[in-house]
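Reading through the structure tokens given below for one structure.
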Amino acid sequence: MNETIPNSNRRLYVLGGFLLCILITYTCVMYDTQINQGDYYREQSVRTITSTETVEASRGILTDRNGQVLVSNRQTYALTFDKSLLNEEDDENEAILRLIQLCRQRGVVWNDNLPVSKSAPYAYIVDAAGTVQRDRFSKFLQTSLKALSTNVQKDNVTDALLSSIISPADLMAQMRTFFTIPADWSDADARAVVGVRYELEVRKIINTTAYVFAEDVDTELISLVKDGNYRGAKVSTSSVREYNTASAAHVLGTVGRINEQELAAADPNIYNGEDWIGKSGVELAFEDYLRGVDGKRLISSNSEGKITSEIYTTEPEPGNTVALTLDLGLQEATEQALSDTITNLNKDGNVTRGAGAAVIEVKTGEVLALASYPTFNLATYSQDYATLGSDPGKPYYNRATQGRYAPGSTFKPCTAIAALESGVVTLTEQIRDTGRWYYPDMVAGTEPFSAWCWKRSGHGLQNVTQAITNSCNYYFYTMGYRLGIDRLDQYAAAFGLGSKTGIEIGDDAGILAGPAYSESVGQTWYGGNTVMAAIGQSDNLFTPLQLANYIATLVNGGDHYAAHLLKSVKSYDNSSIVYTGVPDPLNTIDIKSQNLAAVKNGMHDLTTKGSLASYFRSCVVETGAKTGTAQISKDIKNNGVFVCFAPFDEPEIAVAIVIEKGGSGAALATAAVDILNAYFTKEEIGTVIVGEDQLLP
């Protein structure tokens with residue numbers, strides 16, 4: 001018997017089949033959309049709701065040789081203005097003015113590098129070279145405003161030249177028109193907005209759109225920007241340098257926004273127009289190590305411009321950790337010693353004095369301390385720049401690497417080694433100092449060349465060791481005469497005098513006295529110049545760093561290393577070593593052990609039974625030293641020069657100090673003792689530190 005399906009059940013089956021068809025169709029569409037064409041639709045979605053943003057990588061950390069952090073980073077917020085974030089109905093000038101007014105209320109300074117004063121009557125702002133801040137400004141005038149002839153050299157745009165082409169007032173009027181600033185706006189508001197529009201315009205010229213409006217802003221301002229009607233403004237995280245020490249400012253150096261010349265010379269795949277870059281010191285020297293690798297992220301926004309998500313496509317990679325050869329404790333002690341010495345010297349009157357000092361590890365050329373006085377604080381560098389720039393003491397001038405000073409008698413150990421190694425004198429030969437030295441080969445009928453020694457009565461019979469201890473000019477005049485300038489200069493050059501030391505932050509080569517230099521300045525070299533050069537006078541001029549490196553080369557037996565500041569480099573997470581090692585000597589001077597001993601003994605006797613004995617009684621190690629008094633002129637007090645090494649038996653460090661207008665080199669002995677004690681007391685403390693789970697005796 002046939003059974004029929006009730007109508008109600010049939011309808012259910014039809015409905016179920018219909019729903020099943022819909023489900024199958026939906027599944028197929030979803031599969032096709034998400035699997036077969038997922039990449040296409042994902043790309044379309046990203047294009048419509050996201051934008052790509054560069055994420056700045058943190059700069060690498062700087063430490064001293066012992067791992068103490070010298071410079072690190074502090075996370076900050078920055079405000080960026082991007083007109084592409086404005087809606088079509090938004091007025092760019094009004095959007096900028098709203099942001100400026102907020103910053104005014106909060107006391108926030110925004111970036112405005114337009115070289116025109118910020119209030120009427122307008123004037124061009126000139127830089128340290130006396131020219132209007134150039135590069136981007138000149139390009140703007142030539143290309144955008146067309147107010148400057150293209151045949152005017154950008155590096156010759158003085159304020160007078162520019163004023164003759166267009167006055168500051170006329171320029172501001174043209175810029176108001178060019179940027180369509182409303183006529184009823186005040187001069188102050190117009191100038192402020194023009195400054196920002198100028199920043200945006202020049203970035204178009206140099207093909208970069210990023211413009212950091214304000215840096216290192218507080219979270220309260222950020223909240224106001226996010227919550228208020230400040231379209232065009234974008235908040236981003238950044239980092240600024242954090243200085244963990246007030247010392248070593250000249251060595252550590254500064255960072256700043258990349259300028260046009262730096263950007264042109266840089267790899268465009270690495271740098272953009274808003275990047276920070278090392279400007280001086282090791283920040284510049286080790287830029288390649290310290291700079292990180294920027295990342296990329298996709299920013300998703302809704303129709304109101306609110307960020308809905310952030311996805312990193314490339315994580316930023318911080319810069320490497322760079323360990324310097326500096327010893328922070330010794331650096332601080334060296335700077336303090338210079339400050340104390342000059343403070344004490346200044347008790348005799350208001351004299352502008354500067355000083356430079358260097359401490360070098362004898363067997364490697366590593367710079368343990370490098371100090372210049374007066375100095376400055378990197379943490380307040382921007383705020384102090386104008387004030388300190390006009391300071392007669394020139395605190396930004398690094399005297400340790402750039403200051404040229406006559407070495408005076410500190411040059412005599414070099415002359416002694418040259419004479420002994422050349423065979424023009426023996427260890428036992430004695431020369432009688434009568435107080436006045438006469439040049440032997442004077443032409444008949446001419447005025448005889450002679451020179452008084454500093455001790456008019458003479459020192460009597462002197463061998464080389466005694467001559468160094470007593471700083472006997474008569475003896476070293478004779479050595480200079482016997483050697484001749486060519487052999488003397490050969491040895492001086494081998495010690496690194498008259499040439500750059502190789503230090504990574506750069507230094508002055510100084511001047512090595514001789515016929516070549518005299519000819520270069522239109523002078524004639526005479527025999528009398530040679531004997532003066534032998535005692536460290538004539539044209540000889542060296543830096544404190546050169547003098548320290550010369551003494552280090554001497555007492556280590558003749559290995560001349562490049563002075564250097566780089567100890568090691570590690571990746572930011574310490575997972576790999578990027579650089580480490582000690583460079584080979586630049587050259588080696590053959591110095592017989594007995595000759596070296598004779599010179600060292602003369603320097604040692606100076607600190608034990610010579611004129612410096614009273615100063616060195618408080619020194620914790622046996623030391624060898626040499627003083628120098630460098631004449632400047634009859635009316636200016638002499639510079640004081642001082643070199644030393646320690647310990648006497650197995651030298652580890654060499655020290656050089658120069659005090660401008662410091663008088664005799666002996667006045668610097670106290671500073672030298674303070675530096676030596678700071679180093680060797682630390683070393684002694686380090687040797688008695690016990691490990692974990694050990695009992696003290």
Side-chain angles (χ1 to χ4, degrees), residues 51 78-106 108-125 132-150 152 154 157 159 162-163 165-214 224-225 228-235 260 273-274 301 303-305:
S51 60
L79 275 180
T80 301
F81 189 86
D82 186 349
K83 71 175 184 179
S84 67
L85 300 176
L86 298 174
N87 292 334
E88 289 185 6
E89 66 274 13
D90 291 327
D91 181 89
E92 183 177 355
N93 291 329
E94 290 181 355
I96 292 171
L97 183 59
R98 281 195 296 271
L99 194 57
I100 287 173
Q101 289 171 337
L102 175 64
C103 288
R104 284 172 175 167
Q105 293 168 8
R106 303 287 306 168
V108 173
V109 178
W110 61 93
N111 292 321
D112 179 348
N113 295 303
L114 176 64
V116 177
S117 59
K118 292 180 173 58
S119 60
Y122 298 112
Y124 291 118
I125 300 172
V132 176
Q133 294 173 356
R134 43 193 184 274
D135 304 326
R136 298 179 182 184
F137 182 55
S138 295
K139 277 191 174 181
F140 167 75
L141 293 179
Q142 291 174 345
T143 59
S144 297
L145 210 59
K146 295 181 172 54
L148 186 66
S149 171
T150 54
V152 175
K154 292 198 293 289
V157 183
D159 57 336
L162 190 52
S163 294
I165 298 171
I166 181 171
S167 71
D170 288 343
L171 174 65
M172 283 304 304
Q174 287 196 28
M175 292 183 77
R176 286 187 68 143
T177 301
F178 182 77
F179 292 125
T180 61
I181 305 297
D184 59 346
W185 281 20
S186 69
D187 287 344
D189 286 348
R191 169 61 186 83
V193 173
V194 161
V196 175
R197 292 293 303 272
Y198 162 75
E199 294 283 2
L200 294 169
E201 184 70 18
V202 295
R203 280 157 179 76
K204 284 168 44 181
I205 297 171
I206 61 175
N207 298 319
T208 179
T209 57
Y211 164 52
V212 179
F213 180 83
L224 291 171
V225 169
N229 182 24
Y230 297 103
R231 246 194 305 270
K234 182 172 62 177
V235 177
E260 188 175 353
E274 293 301 314
S301 305
S303 58
E304 296 178 351

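What you see below is based on every heavy atom in this structure, not just the backbone, and it leaves out hydrogens, waters and symmetry mates.
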Neighbour count >12 (heavy atoms, 6.0 Å) for atom CD, Glu88: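 No.
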Check whether any side-chain heavy atom of [X] sits under 4.5 Å from a side-chain heavy atom of [Y], and report yes or no.
X      : Y      : answer
Thr180 : Glu92  : no
Pro115 : Tyr124 : no
Arg176 : Trp185 : yes

Shortest non-hydrogen contact between [X] and [Y], atoms and distance:
X      : Y      : answer
Asn87  : Asp90  : N-OD2, 2.7 Å
Ala233 : Val225 : CB-CG1, 3.9 Å
Arg191 : Lys118 : CG-O, 3.6 Å
Ser144 : Glu201 : OG-OE2, 3.0 Å
Leu86  : Ala95  : CD2-CB, 3.8 Å
Ala78  : Val212 : CB-CG1, 4.1 Å

How long is the gap from [atom1] on [X] to [atom2] on [Y], to the nearest 0.5 Å?
X      : Y      : atom1 : atom2 : answer
Lys234 : Tyr211 : NZ    : OH    : 14.0 Å
Arg231 : Phe81  : CZ    : CZ    : 11.0 Å
Ile96  : Asp189 : CD1   : CG    : 12.0 Å
Asn229 : Leu102 : CG    : CG    : 11.5 Å
Ile166 : Leu145 : CD1   : CG    : 6.0 Å
Glu199 : Asn111 : CD    : CG    : 6.5 Å

Evaluate the ring planes of Trp110 and Phe213, with Trp represented by its six-membered ring, and classify them as parallel (under 30°), tilted (30 to 60°) or perpendicular (over 60°).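 If you compare the ring of Trp110 with that of Phe213, the planes turn out parallel.
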In terms of relative ring orientation, are Phe137 and Tyr198 parallel, tilted or perpendicular, with 30° and 60° separating the classes?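 Answer is perpendicular, since the angle exceeds 60°.
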Quick check against the 3.5 Å criterion: does Asn93 have a side-chain atom that pairs as donor or acceptor with the backbone of Phe179?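 Judged by distance alone, yes, a pair lies under 3.5 Å.
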Test: Arg203 and Asp82 ion pair at under 4.0 Å: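 Between Asp82 and Arg203 there is no salt bridge, as every charged N stays at least 4.0 Å from the carboxylate O atoms.
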Can Arg98 and Asp91 be counted as an ion pair, charged N to O under 4.0 angstrom?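 A salt bridge is absent here (no side-chain N lies under 4.0 Å from a carboxylate O).
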Check Ile181, Leu114, Val116 against Met175 for a side-chain contact (heavy atoms from CB on, under 4.5 Å) and give me the one that passes.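 Of all the options given, the one that passes is Leu114.
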